[in-house]
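Shown next, in structure tokens, is the structure this report addresses.
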Amino acid sequence: MSNFVFQNTKDNKDFKKKHLKTILVFIIVIFGIYSLKLFSLQVIQGTNFLQQSQTISQRQRFIPAQRGEIYDRNKDFPLVVNIDSFAVDLIPGEIPSGMYDTVALRLAQYLGITKSSIDKKIPERDRRSYTSFEIKANIDFDLITKIAENINDLPGVSWRKKPLRSYVTSNSMSHVLGYVGDITKDELKILYNKGYTNSSIIGKTGIEKQYDDLLQGSAGLESRIVDVRERKLTENTMVQEPVMGNTLVLTIDSEYQQLAEKALGNRIGSAIVLKPSTGEVLAMVSYPYFDANMFSKEDSSAYYSTLFNDTTKPMLNRTVNAAYSPASTFKVVMTAALLEEKNFPKENKIECSGIIKYGDRDFHCHVKRPGHGWLDLKNGLAQSCNIYFWTIGRDYLGVDKISSYASEFGFGSSQKIDLPSQSSGFVPTAQWKERRFHEKWVGGDTMNLSIGQGFLEVTPMQVANMMAMVVNEGTIYQPHLLKEVLDPISKEAIHTVNPEILFSSKIEKDVWKTLQEALHYTATDGSASSVLMKNKVVQIAGKTGTAEVANIKDSWHSWFVAYGPYDAPKEEAIVVCVMVEATNEWEWWAPYASTIIFQGIFGNQSYDEAIDALGFRYLVKPVGRQE
Amino acid sequence: MRILKIFEFIDLILLTLVLILIIMGVFFIYSSGVDAQNILVSNEYIKQIIWAALGFILMIFFAVLDFKKIKRVLNWTVIGFIAILVYTLFFGRYVNGARSWIGIGSLGIQPAEFAKTLYILFFAFYLEKTENTEPLKRFVISIFILLVPMGLILLQPDLGTASVYVPIFILMCYVARLPKHYIFLFFSIGMLTVLFVVLPVWEHLIVGQKVLFVSLLTNKKLWLIVLAASSFITLISFLGLRIFKQRYFYWIAYSFAILTVALFAYYPASKVLKEYQIQRLIVFIDPTTDPRGSGWHIIQSKIAIGSGNVFGQGFLKGTQSHYRFLPQQSTDFIFSILSEELGFIGGIFVFALYLFIFIRIYYILKETNNTYGYYVAIGIVAMFFFHFVVNVGMVMGIMPITGIPLLFISYGGSSLWNAMICVGLLMSINARRLDFSA
């Protein structure tokens, strides 16, 4: 080994000196630059960074508000309440490492679910996180107690109150109230600006959806400082109290609802009880209905599929979302039109022989030969004679006038009830037929229209409103389900819904009077009087309808729409409209159901009492068609 | 007393400076292990204390030992270590994405750390022996000596540790008076290749749109054309130099040789390195391009440091660290937590400590008359300085993320022991500065 470099030659020493100096200078320069950078970060930009450090570490969390309650019009019987229920959460970061599987399995056993369902909720990468994951909701107090007793075996497990939306008696109210569920991404896209978050519970159908903004309340706010694993630091919590949703008072009368529900029974169809002077809906029944409470349960999506695939369409609210041929109930409009037009006196008679020929077709009345005989308007209506109305419709009114009067009665238009959706039905016109089918409107079409068949389609709500216009003598008030909005705590009324005019007719007053008399006569002496007159507690005026349905023989849609009391001011009147679909066994049930309802309402009786009072316990099925 | 003789070898200045740094390290490793609820979740600081204690013994040992004696066992030690490195490559445990760790149970070491010092010792030995060797041959063999350990470590793949070899190599060559243009050639080719490899990723991730210049590299056809042109020019200038013997031909040939080799090396290098690895290197340019990955580290680190202001947030009170926003708090990012809690004052204090260490080593270098000692000490300076510059730079967001610890302060047994061995060596060199023997 040599050490020539360090012979103390001047040459080598110089080099060494030079090298070392260069190196030292370089080192000092770098230190200088770094000190400047440090100064820049800490002193110059210090406050900026300090602010950033606070921002990242602060989290805000919404505390959901209690959803508003819903009552019926009497305010003593809640229709929807929030039930105290618990949800169980898991914070995986609090489980000692390596114990995740053990704890998850244990928890699954307590909750009666599979471990894999827990694993699905907590992805691998979050298994050390301090975020809270909801494992299961709708847990009752007993199970929570059990879990609490064994909490030492369940690190990371916690629980909290999560109220359950409970529909007190679901049944037919399910269509009115609807149900709630977790907000979907699409809904959130639309509603984000209104303060909804991705954990919001939102109404999906019915009143729950229609007035969701009133029922939501406002969420509270909790602010806390967290670390990057979402662990909460309790000293820093500030809270803005959540505000409970408003209490809604509906126009529905629970007793009438139950009465109508039972009166309709297990028949696919609908029943409406309406207060025509204000538009308040006292009862709204559509069968089949569903159980809204099922949507709060774990297997709600399975239940939804069942409902969705059920061919009787339980989720369809037939009172407003289904449109049918009104059949003879439409003769009310025809009668009003004829009286108003005044080109055919009401006393004039038309002969019904049971059959008329028109074009190349035979048109049969619903009674066979010899038919009804000679009928004037009053009797034509009472007997619901088709030939009478075919004649006046075709020869004295014509499609344009008929369509026009139909529209005046609100057919073909939305009734604007406070539900998320409703059908407007359909009123055909001659122009429409040409446009749609490229065929001219012919006399046969007018005849069909005149007896409420053919292209005309109406909802039960529209039929009820038609009768309301008769009661109010030219006005239909907007039908509504909401009566009042109350403050959730003080229960004072924040808002009361007032009657709003929806349709207004120019038909003269004495036309209405005549029509009312005719309808009363129809009830007392008409085709359904044997049934209707069983009710001795109230005078009614109304009209039946029996609609032909394509592809169904020996069964028809059965309609009945009426109001009572006939002999009282219109503020006291109540309209009842019942419709039983042809898909049921033929019973001609609508008049029966309506009678039961009138009996129950005006006799102040329950369904069973009403049945007995009317003697309907043992019912005979009528054979063949009856009007 | 013979025991007291030990103290003759210990340089008190170095000892004090290093001791202060280690103690600060322990305090901040402790702080990094305390979470937001003020609960200690990590006992790393205890381990560090134990390692430091054992490290002191190592340090004293090497201080007392005559460093020149190491030369006798170098050859076998080097062969042994190469074997260990190869073993680590195949059977080592994964730590932070690289097979760099071997051991039993939870006790183990990172051989790459010690390999750095061994390399210094061996390369210094070679340089001392070959002072009169023809420079080109000497340089080429030096490169070979460099590539063996560096290559093995690059394969782990530990880019950070491998990169430490480069400044050591360059500085030692510089003071051993290897021709500067050779060093510069090597350095430029390396840097230019790195630049070429990084450019496409930079274009893709940071700029976000096509840059014309970069397509000269990424487009295979263009690249071949440029490569051919560059090689051609190099050849021509070389010929021109030969034929015309003009000076400027030399420089043209020189420059284009660098370009040619770099262009050529670009291709395999860009195939071997994956995009995410390259991305990690350049994310510091604009951390917001990767706010959830490596960019997050840098953003958090800067926030932590910046929020320390002048006097710091107070010991154990740092927000980013305790709320666990800062990753690797006890190792790579220990300076962040230190700056967050002690502020600018604390940061400058640490800077001063390191600066004084370097000044002390400068003094040792100046005074030593021993070639081998001089070379070894230079190598150690390069290593220490590189660690400091890259770690603190990374933490401040002006250097790429490379996973290099801050010596004496970062948590880590192997790194601490290696550093303390080097300090022992420095003390040994210093104690024998008047010794001219070989």
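First the proteins, then the strands, lettered A, B, ... as listed; each starts at 1.
With a 4.5 angstrom heavy-atom cutoff, B/Phe385 touches chain A only via side-chain atoms. With a 4.5 angstrom heavy-atom cutoff, B/Phe335 touches chain A only via side-chain atoms. Of the two parts of A/Thr22, only the side chain, counted from C-beta on, holds a non-hydrogen atom closer than 4.5 Å to a non-hydrogen atom of chain B. Only the side chain of B/Leu171 comes within contact range of chain A, judged by heavy atoms closer than 4.5 Å. Of the atoms belonging to A/Ile33, not a single heavy atom falls under 4.5 Å from chain B.
Interface check for chain A: of the options B/Gly343, B/Gly308, B/Ala352, B/Gly347, the most heavy-atom pairs under 4.5 Å are formed by B/Gly343. Here B/Phe351 is the residue among B/Tyr354, B/Phe358, B/Phe351 with the most heavy-atom pairs under 4.5 Å with chain A. For the set B/Ser339, B/Gly306, B/Gly393, the count of heavy-atom pairs under 4.5 angstrom toward chain A peaks at B/Gly306.
Residues A/Ile27 and B/Val381 come closest through the heavy atom pair CD1-CG1, 4.4 Å.
With rounding to the nearest 0.5 angstrom, the NZ atom of A/Lys21 is 9.5 Å from the NZ atom of B/Lys366. The distance from the CG atom of A/Leu24 to the CD1 atom of B/Ile361 is 11.0 Å, given to the nearest 0.5 Å.
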Check against side chain to side chain contact (heavy atoms under 4.5 Å, CB included), B/Phe344 and A/Leu41: CA-CA 9 Å; B/Phe344 184 69; A/Leu41 281 177; over 6 Å; no
Stepwise side chain to side chain contact (heavy atoms under 4.5 Å, CB included) test for A/Gln42 and B/Ile305: CA-CA 6 Å; A/Gln42 294 190 302; B/Ile305 295 176; 3.7 Å; yes
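Considering only heavy atoms from C-beta on, A/Ile28 stays 4.5 Å or farther from B/Ile359 through its side chain. A 4.5 Å side-chain heavy-atom check between A/Ile23 and B/Val175 finds at least one atom pair inside the cut-off. Residues A/Leu20 and B/Ile378 are in side-chain contact: their nearest non-hydrogen atoms beyond the backbone lie under 4.5 Å apart.
The backbone N or O of B/Val389 sits less than 3.5 Å from a side-chain atom of A/Tyr34, completing a donor-acceptor pair.
Between A/Phe31 and B/Phe388, the gap from one ring centroid to the other is short of 6.0 Å.
Surrounding OH of B/Tyr126 are more than 12 heavy atoms belonging to other residues, nucleotides or ligands, all under 6.0 Å away. Counted within 6.0 Å of OH on A/Tyr110, heavy atoms from surrounding residues, nucleotides or ligands total more than 12; the atom is thus considered enclosed.
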